[in-house]
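One structure below.
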Amino acid sequence: MFRNEFFMGSFLLLIFTIKMKVLFRKIPSWILYLFIHFVVLLLLFSAFRYVFFRQLVNSSQNISNNLYDDAFSLGISFDTMVSSYLLLIPALAFFIAMLFNHSSLWLRRSISIYFGVIFFAVLLACTADIPFYKFCGSRLSTAIVMWTDTPGIMMKFVMENSEYYSYMTAFFSGLIISVFLLLSIHKKLLKNIFKEKYSVKKKIIVFVCVSFSLLIGIRGGWRKRPVAIRDAFVTNYPFVNLLPLNPVHSFFDSMQEIYLHYLDDAVAINNARRYLNVHDQFNSPIARKVLFADSSSIKPNIVFVLMESMSAEMTGLSSSGKSFTPNLDSITKKSISFSRFYTCGMHTSNGLYGMLYSMPSVPGEHPISNIYTVNQHFTGIASVLKEKGYSTNFFCTHWEEFDNMGFFLRNNGFDNFFSAKEYKSDLSEGIFGVSDEVQYDFAFNKLNDFAKAANPFFATMLTISTHEPQILPRHTSFKPKSNDSFEQVYEYADWALGNFLKRCSQEKWYDNTIFVFVADHGCNMESPYEIPLSYHHSPFIIYAPSLIKEPKLIDKLAIQTDVFPTLMDLLKIPYTNNTLGINLFTEERPYVFFCKDYLVGCLDKKHFLIIQKFGGESMYDYSNNSEKNVLENNKTLLDSMKTYTYSMLQTAQWLLENKKLGKQ
């Protein structure tokens, strides 16, 4: 399969080398110069695609070699397109210089510098593509630069993760080789550029031939129509579909704005009002007053434990029957929990925005650090409880600047934000700070201080130990049972959580406290789908042994936006719900929806709809883990799921753009 791509380029380069003297006499040197760069780029992309394939292919899947052959062949088209686009600027410069018979040192150096920048960017994209896929399950996109507002933190994260060392080595090795190659080509081919004076006829012929070649290349080769991402998504195997894509192309393609206008906005908003059963008339079209016939005068404390990367697949909710969280599983049996609960996205910011402010993330947007969210206030559990007399507190282990977290949460209801500066530096385990047990110990002491005040408290703890790299902390007495490092950190996180709850149970405030266990998102595990459900399926557990008398497992479809309204039902505190969340005790969703950066997923209890950015769609029977696309047999269901999903997402986008999400 690799021969179709790699050896073709190698053969071309070999022929060129053998016939170098002949080619010098017949072909202008600047065309040879561009051709060599074109071939080298093809070889570079081919080599990295082969490494991508060898490192990430799942040999246990029974996939025909013919599909992989087709994927590599299609990959040539994508690489040809990208390489041709990259040659456009120097080709245009050479055309202009040829037209005026102009040759200067400035021109030659500028073009060499241009290719130096190009090879730097290409190598960076190719080497980042593999670890990005391992983490996100997709080819390189602008999601990788989501945290550029804190470059120091992200650089430390990369440098402290030993898994990235091989990729950094490949990058710098490729960069050194590229520099020597560029200097050699520059010296041999650009020294005497345009020494020969071209006739008008030859100029026209050269211009037409090179332009025609580039035009064919930009189309991805001799094809009926230009190659496009949708050409890759033709099988039922996500890895096969993603294999042909070029990381440079996928990165720049992701810059384009997601099209969220499946419906007219007015239609989408009216649909959302109907889905949410809204009849009130506020400034915001989705706001509705929520009252309780049996409002309670008791105000219990609330502790949210927002567990990093805690997929349901690592717990007792797993369909595999495996669990690495005995403490969490034990709590579930004494709690109100939800078996079909999903996160809004695959990043921590998606989880915070969804759980604390009951709003879904719009595809491709950073939910707590974009032009709309940073300039307005939101209805959320912290702000509502603060109005009701609660002290509101947030605990994390990293610096508050990361993800714009400190500013956004303080601006939206949180009195206190405890971050990395609160902990002793010698207890830090890396870029994201202290371990779970150190954080729990710090938070436990703070909760005791809060309990001494007259007001009830609301506290959210964002844990970190299950974040990659999956390494057990140095400062711990924990002894893992598993030999797998990935499983060990989940055992550790569960152990630390169990110790924290045991200490809390010995305090007076424990009996008047509701503990809520959720995840910011899940983790990327082996999946037959473009969107791994393990990244979204997660726990939602409400634990209050003195307040919840009848533990139960609820099978309703639910997402993070529903946490806030559901908890308010337990508290029996009247409020105005200006969110897209519902009360899971009294309401139901026909579907749940979520985003994986630039993909949108929608589920009912059997079917999984995936909507690609470019409009491609697929539907699977995920209840049976089926890889067969059943879209053609479910057109009515497709329309219903798309209408629901886009109504909610477009309404969320409209509310953001029109600043309607604050207090009513």
Side-chain angles (χ1 to χ4, degrees), residues 258 260-292 342-345 350-363 365 367-368 370 372-385 387 408 411-413 556-569 571 573-595 600 602 640-664:
I258 306 284
L260 276 184
H261 296 284
Y262 178 69
L263 304 165
D264 182 80
D265 280 343
V267 174
I269 292 170
N270 284 332
N271 286 342
R273 283 175 59 87
R274 176 165 51 85
Y275 297 141
L276 298 171
N277 196 29
V278 177
H279 301 289
D280 298 335
Q281 296 295 327
F282 286 94
N283 184 40
S284 166
I286 63 164
R288 60 271 193 202
K289 192 72 176 176
V290 181
L291 303 172
F292 301 98
Y342 294 86
T343 64
C344 293
N350 303 131
L352 290 175
Y353 189 57
M355 190 192 73
L356 297 176
Y357 302 98
S358 291
M359 289 298 295
S361 297
V362 175
E365 288 283 0
I368 63 175
N370 66 63
Y372 300 114
T373 56
V374 298
N375 290 317
Q376 61 181 299
H377 296 283
F378 292 80
T379 300
I381 188 168
S383 55
V384 169
L385 292 181
E387 288 181 355
F408 183 84
N411 198 42
N412 286 285
K556 290 182 179 180
L557 291 166
I559 49 177
Q560 285 174 323
T561 59
D562 304 329
V563 172
F564 167 33
T566 301
L567 186 62
M568 294 303 290
D569 184 281
L571 299 177
I573 297 176
Y575 73 108
T576 299
N577 184 359
N578 187 24
T579 77
L580 292 179
I582 66 169
N583 178 359
L584 295 172
F585 294 132
T586 61
E587 301 172 274
E588 287 193 47
R589 291 183 178 276
Y591 315 109
V592 293
F593 59 96
F594 40 77
C595 300
V600 176
C602 180
S640 178
M641 295 176 86
K642 284 185 68 175
T643 298
Y644 183 86
T645 300
Y646 278 100
S647 292
M648 292 299 197
L649 287 175
Q650 285 183 224
T651 298
Q653 182 172 266
W654 186 91
L655 292 166
L656 277 173
E657 293 175 353
N658 290 276
K659 297 186 177 181
K660 300 290 186 180
L661 287 167
K663 182 180 177 181
Q664 298 297 297

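The structure presented is a predicted model; accordingly, all values stated were derived computationally and were not measured.
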> Are Lys556 and Asp562 within salt-bridge range, i.e. N to O under 4.0 Å?
Replying inline: no
Any sub-3.5 Å donor-acceptor pair from [X]'s side-chain atoms to [Y]'s backbone N or O?
X	Y	result
Thr561	Ser358	no
Thr566	Leu584	yes
Thr373	Pro367	yes
Arg273	Pro285	yes

Supply the atom-to-atom distance [X] [atom1] to [Y] [atom2], rounded to the nearest 0.5 angstrom.
X	Y	atom1	atom2	value
Gln281	His279	CD	NE2	10.5 Å
Ile381	Thr579	CD1	OG1	11.0 Å
Ser647	Leu263	OG	CG	4.5 Å
Gln560	Leu356	CD	CG	9.0 Å
Ile573	Met568	CD1	CE	4.5 Å
Leu385	Leu567	CG	CG	7.5 Å

>> Applying the side-chain contact (heavy atoms from CB on, under 4.5 Å) criterion to Tyr275, which one of Thr651, Leu580, Thr643 satisfies it?
In response: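 The side-chain contact (heavy atoms from CB on, under 4.5 Å) with Tyr275 is passed solely by Thr643 among Thr651, Leu580, Thr643.
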> Name the one of Asn577, Asp280, Leu655, Thr379 that satisfies side-chain contact (heavy atoms from CB on, under 4.5 Å) with Ile286?
Replying inline: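 Of Asn577, Asp280, Leu655, Thr379, side-chain contact (heavy atoms from CB on, under 4.5 Å) with Ile286 is met by Leu655 alone.
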>> My understanding is that only residues two or more places apart in sequence, or in another chain, count here; which of them pass ring-ring contact (aromatic ring centres under 6.0 Å, His included) with Tyr575?
In response: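 Partners of Tyr575 under the ring-ring contact (aromatic ring centres under 6.0 Å, His included) test: Phe564.
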> Excluding sequence neighbours, so at least two apart, what forms ring-ring contact (aromatic ring centres under 6.0 Å, His included) with Phe378?
Replying inline: Tyr353, Phe408
> What do the steps show when you test Thr645 against Tyr262 for side-chain hydrogen bond (donor to acceptor under 3.5 Å, both in side chains), and what is the final call?
Replying inline: CA-CA 10 Å; Thr645 300; Tyr262 178 69; over 6 Å; no
Can you see which heavy atom on [X] is nearest to which on [Y], and at what distance?
X	Y	answer
Pro360	Cys344	CA-SG, 4.3 Å
Asn370	Glu365	CB-OE1, 3.6 Å
Gly662	Asn578	O-ND2, 3.0 Å
Leu291	Pro574	CD2-CB, 3.9 Å
Gly581	Arg288	O-NH2, 2.7 Å
Lys289	Phe282	N-CE1, 4.0 Å

> Picking from Gln664, Lys660, Lys659, what satisfies side chain to side chain donor-acceptor pair (under 3.5 Å) with Asn283?
Replying inline: Lys660
> Is the closest side-chain heavy-atom distance between Gln376 and Asn658 below 4.5 Å?
Replying inline: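 Result no, sub-4.5 Å side-chain heavy-atom pair not found.
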>> Less than 4.5 Å apart, side chain to side chain, heavy atoms only: is that true for Phe593 and Ile559?
In response: yes
> After noting the C-alpha distance and the side-chain angles of Tyr644 and Arg589, does the key distance pass the side-chain contact (heavy atoms from CB on, under 4.5 Å) rule?
Replying inline: CA-CA 10 Å; Tyr644 183 86; Arg589 291 183 178 276; 2.8 Å; yes
>> With no hydrogens and no angle check, just 3.5 Å: does a side-chain donor-acceptor pair link Asn271 and Arg274?
In response: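 Yes, side-chain donor-acceptor contact under 3.5 Å.
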